[in-house]
Amino acid sequence: MLRFSLIFLSTLLLWAVTAQLNHALAPWRLYVFVGALAVTLPALTFPLKTGLLASFFGGLLFDAVAPVSFGTHALLFALTHAVVFNFRDRVPRDDTLSRVVIALFANLGLFLIFSFTQVARSPAPASLWPRLFADLACSQICLALIAPWFFAIQARALALLADDTHRYA
């Protein structure tokens, strides 16, 4: 349960940093989505139940301020977790570069699913695609830049927990 709490707190940090970044990018009408970072490490390293709960609750956190139906992020984060969890034995899980690549692909999938589900509600869907492509490019670049930092924070928090567990056992 403590591992879940540490991952949730790191997701909360990610959410806060992303919110501040989006606030700073608002004058340029850009939006950054890095939700796949909340899913990648739990899907690659945790058991199914614990990782799925961490991804689901991370999705609920992202749902709290999103202009979509509540539970959309949570459901899609859980589905993304299940997909990544099913092929995690075929990829190197401990390598930062492979984690970043997996996060980039997961983020691409999540962004496209969100775009296709939400663009249908627009009165002029064709006019949104140039902005969505700009947002996608900005999101992927930002994800590639901050993913190693975020994975290091998560790994260090979990390593501190492991050190404390062995010290008091």
**Asked** Hey, any chance L108 and F133 share a hydrophobic cluster, counting ILVMFWY side chains that come within less than 4.5 Å of each other, even indirectly?
**Response** yes
**Message:** Going by the rule side chain to side chain donor-acceptor pair (under 3.5 Å), which residues pair with R131 if we only count those two or more places apart in sequence or in a different chain?
**Reply:** D135
**Complete:** Sequence neighbours excluded, the answer for ring-ring contact (aromatic ring centres under 6.0 Å, His included) partners of F116 is W129
**Request:** Run the numbers on L158 and I7 for side chain to side chain contact (heavy atoms under 4.5 Å, CB included), then give the verdict.
**Result:** CA-CA 8 Å; L158 293 173; I7 291 299; 4.1 Å; yes
**Request:** Check D63, L110, V65 against H73 for a side-chain contact (heavy atoms from CB on, under 4.5 Å) and give me the one that passes.
**Result:** D63
**Prompt:** Under 3.5 Å, is there a donor-acceptor pair between the side chain of N86 and the main chain of A82?
**Reply:** yes
**Message:** So does S69 get a backbone contact from the side chain of T72, meaning a donor-acceptor N/O pair under 3.5 Å?
**Reply:** yes
**Considering all heavy atoms, the nearest A157-L6 contact** = O-CD1, 3.5 Å
**Item:** N22 side chain to Y31 backbone, donor-acceptor under 3.5 Å
**Value:** no
**By ring-ring contact (aromatic ring centres under 6.0 Å, His included) - contacts of F4 (at least two apart)** = F57
**Residue pair I146 / L37, side-chain heavy-atom distance below 4.5 Å** = yes
**Prompt:** When I102 is tested against each of L97, D95, T40, V39 for side-chain contact (heavy atoms from CB on, under 4.5 Å), which residue passes?
**Reply:** T40
**Asked** Is a side-chain donor or acceptor of T96 paired with a backbone partner of P148 at a separation under 3.5 angstrom?
**Response** no
**Request:** Taking all non-hydrogen atoms of both residues into account, name the closest pair between N107 and G35 and its distance.
**Result:** OD1-N, 3.4 Å
**Asked** If two hydrophobic side chains count as joined below 4.5 Å and joins carry through other members, does L48 share a cluster with L44?
**Response** no
**Fill in**
CG of L136 to OG of S115, rounded to nearest 0.5 Å, is 7.5 Å
**Request:** Check step by step if side chain to side chain contact (heavy atoms under 4.5 Å, CB included) holds for T45 and R99.
**Result:** CA-CA 11 Å; T45 59; R99 288 180 181 177; 3.7 Å; yes
**Message:** Check for me whether the distance between the ring centres of F33 and F114 falls short of 6.0 Å.
**Reply:** yes
**Request:** Please check if L132 and I141 belong to a single hydrophobic cluster, counting links between Ile, Leu, Val, Met, Phe, Trp and Tyr side chain heavy atoms closer than 4.5 Å.
**Result:** no
**Message:** If you compare all heavy atoms of S139 against all heavy atoms of V34, which two are closest, and at what distance to 0.1 Å?
**Reply:** O-CG1, 4.0 Å
**Message:** Connecting only ILVMFWY residues whose side-chain heavy atoms lie within less than 4.5 Å of each other, what is the rest of L52's hydrophobic cluster?
**Reply:** none
**Prompt:** Should we say atom CZ of F87 is surrounded by more than 12 heavy atoms from elsewhere, each under 6.0 Å from it?
**Reply:** yes
**hydrophobic_cluster_shared for L25 and L14, side chain cutoff 4.5 Å** = yes
**Prompt:** Does the T50 side chain pair with the main chain of F46, one donor and one acceptor, at a distance under 3.5 Å?
**Reply:** no
**Asked** What pairs with S55 under side chain to side chain donor-acceptor pair (under 3.5 Å), at least two apart in sequence or on another chain?
**Response** H81
**Asked** Step by step, would you call F77 with F62 a ring pair (Phe, Tyr, Trp, His ring centres under 6.0 Å)?
**Response** CA-CA 10 Å; F77 281 21; F62 276 73; 5.4 Å; yes
**Message:** How close do A43 and F85 get, counting heavy atoms only, and between which atoms?
**Reply:** O-CD1, 3.6 Å
**Message:** For V17 and F150: C-alpha separation, side-chain torsions, deciding distance, then whether side chain to side chain contact (heavy atoms under 4.5 Å, CB included) applies.
**Reply:** CA-CA 11 Å; V17 169; F150 186 68; over 6 Å; no
**Request:** Would you kindly confirm whether L41 and L145 end up in one hydrophobic cluster when ILVMFWY residues are joined by side chain heavy atoms under 4.5 Å apart?
**Result:** no
**Item:** V32 to C138 - nearest heavy-atom pair and separation
**Value:** CG2-SG, 3.7 Å
**Request:** Give, for atom CG of L21 and atom NE2 of H23, the distance between the pair rounded to the nearest 0.5 Å.
**Result:** 11.0 Å
**Prompt:** Going from CG on L2 to CG on L9, what distance comes out if it is rounded to the nearest 0.5 angstrom?
**Reply:** 9.5 Å
**Request:** Tell me, please, which residues at least two apart from S10 pass side chain to side chain donor-acceptor pair (under 3.5 Å).
**Result:** Q154
**Message:** Around atom CG of D89, are there more than 12 heavy atoms from other residues, nucleotides or ligands closer than 6.0 Å?
**Reply:** yes
**Message:** A side-chain contact here means heavy atoms from C-beta on lying under 4.5 Å apart; do V83 and L79 qualify?
**Reply:** no
